[in-house]
Amino acid sequence: MERKSAAAAGGQPAREKTRPSPATRRRRRIDWLTGVLFALPVIIGILLFNYYPTVRALINSFTASRGRAGIEFVKFKHYITALSFEFEGKLTLQIFGNTLVYALVSVPFGLIVGYFLALAANFKLKGISVYRMLFYLPVIIPGVASGILFVRMFADTTQHGIFNQLFTSLGLPEASFFRSEKTSLITLIFMGIWSAGGSMIIWLSAFKNIPANLYEAAKLDGANSLQCLAKITIPMSTPLIFYNLVTGIIGGLQCTTPLVVVGNGGGAWDRGAGVGNSLYFVAVKIMNEFNLTFYEYASALAFLLFFIVGIFTFILFKTSKWVFYGEEEGK
Amino acid sequence: MRRIKLFASLAGAALLAGSMLCGAGCSEPEAAGKADTTLDPATRATIKLGISTQNQEGKIAQNLIASFNEKYPNITVETVSMSGSNTVNDINRLHSTGQAPDIFLCNSFDMLTINGMELLYDFSEVIADEIEAGTFSYDDYYDTYFRLGQADFNGAQLMIPRSADRVVVHYDKKIIKDAEAETGLDILSHIHNGWTWDEFDQVCDMLKQYSVFQQPNRYLVDSYCEWEAVFYPIFRHFGVQIFAPEKNGQLTFVSDEAHQALDFIKAWADKGYIGHGGVEANFRNENGGVMLFQSQAVSEVETLLSLNKYPVRTSEEPMSDYYDVVTMPVFEGDEYIGAGAAGYCAYYGNKNPTVVWAFMKHIISKEGQNAIADAGVNLVPVRKDMADYQDPSNHWGIGYTDYNLAAYTYEPDWNCYTDYFIKPGYSEFATALNLKFGQVIKEYAGGKSYEAVTGNLDKEIKTILQKK
């Protein structure tokens, strides 16, 4: 109807919509069906293994399983238990706080360290590929193995912790690392340097994608290295910085590393919580609640985390004007 | 595009509807009827047995099935693997997908939690029939373990215990002998069945004089003080009342009695028997502690010790020269020893209750109990007539006659089980509540103040009860 009015207003004769022949329609239908059939394994996979558990968890978060008596709809009871200060609100706040601090500090920190590693690995030196491999090697070491390694390294001198042995040999006092509420989170963030090789690779690929003529032109105009970095390298790398930020923050919010690092220190209620819950992260809490058979409560926590991840992702996308995607049409 | 949207919407709606239907229990099975006391040996049937994938459980199940099939050759018992670390999760999941096994391995606390979901079959009726027919008597078995298999530990029989699991102290004779040689003290004579907490203190104090245990971070005991089987006998002695039945189950734990009981346990850490902050003595590893509070069978601990190449000995020397078991210490005149039970429960919707009961009866028969021992795990039989481990017809003692296995059966009336949460609405939280009190003890022994560990306890218990 709208189209007809617009055409009439413009004085153009309305193009008559021709109905395709039965053969064409049949061919289109077969094409559509063929496409759907090809996509079906993926669609089924996504529905079964992504959407079904998600929908089920969402439903669970509003219910209480009574076994044979069936499932009781408890409305927002689990959310209230998690958020109300009458119950677990204070702990929930602390856990979400820890998780947010970790995600918001460790991701930019990792990006910066990765950037400097990439700069070092980008020099045209003989044997540079060996350095690149050495920087990247920790990324392929399983998290459990590196976690155990770091627990040993951060142990006190009686447990032969390498850092504390180094400190005492230099006449410095021992550091508490994971054994103190004040230093646990910082130590965990510091541990992130270990896997900075991952973002180094992404930075390196960003550097390689920057056209060399941009640097040549800048040098002809008298730009120094710092100006090249600020005006060319960083702006041209923003899509990758943005990608790293989004995936890094989502990954950080879902982090379960403390379970590996301090997992054995806690009981069923606080496995992986660290001293004074200083390393208690949301994903770890969800796992603990699930193991204590409070599945529905765990589902509610999972959806609270989902909500937080959603908010951060939304904020990141809404504030992504600084990302440079090249010369776009019309700009 | 419109078709794709339509397709996606339909798929989404189907998914949601499917979830709701499954969640609402669309495949809820009928409750199994009453079991018969007799079963024709020629009966053809198939039942499913849920077993843990941990330890020797697979082998025990295979032995039980093989010996059961000698009586009932046409009955197929299929095994279903469960995680073993979380039976409640496993059964709830298998129930909701309509795949629950007819019989499954369980412990007494998980049994209470699963019973709160009404997923267990009640054997009381068939047992009553057996008693009437003169084919079954509770007197043939240690009372504690059958009680632990009952609803609220005093009601419907929901679990058939397969072994008499009691806390004993596994101890390293070799280290003690070395300590005696260095210090000239007589330590081993203080360790005997029925020994008291005072004697335990004396032994620990003497061992602390041994140069090995004067090193930092060398502790004596893996006390597992956060384990209810260890802490509850001590609570009982001090008269701790955790919930007040007369006050509608109100928490009454925070009291002078509880403070005294917690102090008693914390003293082990203060005196250096156990480490602060939950650090245990690492009994199982070389150069570890001397004592381990456990209900494990001797064979399991011995295997672990051998795996850790500890203690170093020549193959000719008997292991019992190096390592032995003794009863858990008691308070003189007020004796309690922690006991628990592992056994087999049946799913309320099991397909063939008569066959299930026949299998259960087989588990607690002499043949069944020997079949368990033949799997290589010398679990203590629940039958009183099999207590004599020196008798070769009781297989659990074979290979272990040098050990003090009487520790497992010494003064069975001293057995004490954790019943503090037995109250409608609480027992389904049995596992969680037990863990919470264990955490309180561990934190207090670990150095936190009494106020810090009990200050929020009321609120924490309320929160636990709110989570379902």
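Naming convention: chains lettered A, B, ... in sequence-line order (proteins, then strands); numbering from 1 in each chain. The basis for the numbers below is simple: all heavy atoms, side chains too, and nothing from hydrogens, waters or symmetry mates. Quantities reported herein were computed from a predicted structural model and do not represent experimental measurements.
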Find the distance between CD (B:E460) and CG (A:L91) and round it off to the nearest 0.5 Å. 8.5 Å

Checking B:K436 against chain A: side chain, backbone, both or neither under 4.5 Å from a heavy atom? both

Contact origin within A:T293 toward chain B - heavy atom pairs under 4.5 Å: both

Solution key, residues 281-288 of chain A side-chain donor-acceptor pairs under 3.5 Å, sequence neighbours excluded:
from: A:K285; atom 1: NZ; to: A:E88; atom 2: OE1; distance (Å): 3.4
from: A:K285; atom 1: NZ; to: A:E88; atom 2: OE2; distance (Å): 3.1
from: A:K285; atom 1: NZ; to: A:E289; atom 2: OE2; distance (Å): 2.8
from: A:N288; atom 1: ND2; to: A:R271; atom 2: O; distance (Å): 3.0
from: A:N288; atom 1: ND2; to: A:Y280; atom 2: OH; distance (Å): 2.9

Crowding at CZ, A:R26 (>12 non-hydrogen neighbours, <6.0 Å): no

Give a yes or no on whether the backbone of B:N86 and the side-chain of A:N291 come within a donor-acceptor separation of less than 3.5 Å. no

Contacting moiety of B:I464, where chain A heavy atoms sit under 4.5 Å: both

Let me know if A:F73 has heavy atoms under 4.5 Å from chain B in its side chain, its backbone, both or neither. neither

Sub-4.5 Å side-chain heavy-atom contact between A:Y295 and B:V88: yes

Return yes when atom CZ of A:F306 has more than 12 non-hydrogen atoms of other residues, nucleotides or ligands closer than 6.0 Å, and no otherwise. no

NZ-CZ distance between B:K462 and A:F87, expressed to the nearest 0.5 angstrom: 6.0 Å

Can you establish whether the number of heavy atoms outside B:Q215 located under 6.0 Å from its atom CD is more than 12? yes

If I take atom CG from residue A:L292 and atom CZ from residue B:F429, how far apart are they, to the nearest 0.5 angstrom? 11.5 Å

Would the number of heavy atoms belonging to other residues, nucleotides or ligands and lying under 6.0 Å from CZ of A:F163 be above 12? yes

Verify the neighbour count for atom CG of A:L166: are there more than 12 heavy atoms of other residues, nucleotides or ligands below 6.0 Å? yes

What part of B:Q466 gets within 4.5 angstrom of chain A, counting heavy atoms only: side chain, backbone, both, or neither? both

B:E443, part contacting chain A, at a heavy-atom distance under 4.5 Å: side chain

Do A:H78 and B:K467 have side chains that approach each other closer than 4.5 Å (heavy atoms only, starting at C-beta)? no

Reported CG-to-CG distance for the pair B:L435 and A:D270, which is rounded to 0.5 angstrom: 10.5 Å

Has A:F314 got more than 12 heavy atoms of other residues, nucleotides or ligands less than 6.0 Å from its CZ? no

